[in-house]
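Before any comments, here is the structure.
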Amino acid sequence: PQEKGSTFLQLGSSTEQQLQVIFEVLEEYDWTAFAVVTTLFPGYEDFVDYVEVLTDSSFIGWEHRGVLTLNLTDDPEGTRLRRQLREVSAQIRLLYCSRDEAEAIFRAAREAGLAGPGYIWFVVGTNLGGSDQLPE
């Protein structure tokens, strides 16, 4: 039998724990407006669902400004990606993607002026480590 709120079983405990900690940080700094940015990386639907579970079950007045799901194929120059990232109205962004996708997204964000002061990105996932070189 599937219980309501059992999304974390499909999502994986470490991603769930990362989101719980991120929401504690957001609450601590009173950063209540945020947007979710994902790619089609496996698990993204569960990630989006769990963000909704965390915000809907909270007494905090979260201002969830929507979900942007990026398809990085057929956009080698990143033109569409930069445009889509500019359309996100929140300065706080929760990003769920693979490590390779994160590098492309942050490259586009820098080029679009969305990676400097005033923009806060939280990158969530279980697959982001494992390299000596960190993306800029």
Side-chain angles (χ1 to χ4, degrees):
Q2 192 173 24
E3 297 175 33
K4 182 175 172 102
S6 64
T7 304
F8 72 93
L9 294 174
Q10 299 165 4
L11 189 59
S13 62
S14 63
T15 301
E16 176 202 0
Q17 290 166 344
Q18 288 176 44
L19 274 173
Q20 288 175 344
V21 169
I22 286 167
F23 274 91
E24 288 177 18
V25 170
L26 294 176
E27 180 183 346
E28 181 69 27
Y29 286 94
D30 201 26
W31 293 335
T32 54
F34 67 92
V36 172
V37 179
T38 76
T39 61
L40 299 173
F41 189 71
Y44 79 95
E45 292 165 318
D46 293 329
F47 176 80
V48 169
D49 289 345
Y50 194 68
V51 168
E52 290 178 15
V53 166
L54 284 174
T55 55
D56 290 349
S57 64
S58 172
F59 63 89
I60 307 278
W62 297 110
E63 189 181 333
H64 189 330
R65 295 200 183 164
V67 177
L68 170 61
T69 303
L70 303 168
N71 185 343
L72 301 183
T73 58
D74 301 327
D75 188 23
E77 302 300 317
T79 308
R80 182 179 63 223
L81 177 55
R82 287 190 299 276
R83 180 182 47 76
Q84 289 177 302
L85 291 174
R86 279 191 204 103
E87 291 171 358
V88 176
S89 65
Q91 292 177 296
I92 310 281
R93 294 146 189 245
L94 309 182
L95 174 61
Y96 180 83
C97 62
S98 73
R99 181 181 179 84
D100 290 343
E101 291 169 332
E103 292 188 23
I105 290 166
F106 281 117
R107 186 179 321 110
R110 276 193 311 278
E111 291 168 359
L114 304 171
Y119 292 93
I120 300 168
W121 293 77
F122 290 92
V123 185
V124 184
T126 56
N127 56 327
L128 299 167
S131 173
D132 292 336
Q133 180 162 353
L134 296 172
E136 286 185 48

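Worth knowing before you read on, the calculation uses all heavy atoms, side chains too, and leaves out hydrogens, waters and symmetry mates.
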Legend entry - Test log, rule salt bridge (charged side-chain N to carboxylate O under 4.0 Å, His left out), inputs Glu87 and Arg83: CA-CA 7 Å; Glu87 291 171 358; Arg83 180 182 47 76; 3.4 Å; yes
Legend entry - Residue from Ile120, Leu68, Val123, Leu114 passing side-chain contact (heavy atoms from CB on, under 4.5 Å) with Arg93: Leu114
Legend entry - Nearest atoms (heavy-atom pairs only) where Ala108 meets Arg82: O-CG, 3.5 Å
Legend entry - Distance-only donor-acceptor check, side chains Gln20 and Glu24, under 3.5 Å: no
Legend entry - Gln91 side chain vs Gly118 backbone, donor-acceptor pair below 3.5 Å: yes
Inset, instruction - Could you tell me whether the side chain of Val36 reaches within less than 4.5 Å of the side chain of Phe47, counting heavy atoms only? - result: yes
Inset, instruction - Mind listing the closest non-hydrogen atom pair of Ala104 and Leu81 along with its distance? - result: O-CD2, 3.8 Å
Legend entry - Nearest atoms (heavy-atom pairs only) where Ala115 meets Tyr119: N-CD1, 4.4 Å
Inset, instruction - Can you see which heavy atom on Thr32 is nearest to which on Gly61, and at what distance? - result: CB-O, 3.9 Å
Inset, instruction - State whether the side chain of Asp46 and the backbone N or O of Tyr50 hold a donor-acceptor pair below 3.5 Å, judged by distance alone. - result: no
Legend entry - Centroid-centroid distance, Phe23 to Phe34, less than 6.0 Å: yes
Legend entry - With Tyr29 via side-chain contact (heavy atoms from CB on, under 4.5 Å) - residues at least two apart: Val25, Trp31
Inset, instruction - Classify the side-chain pair Tyr96/Glu101 by whether it contains a donor and acceptor separated by less than 3.5 Å. - result: no
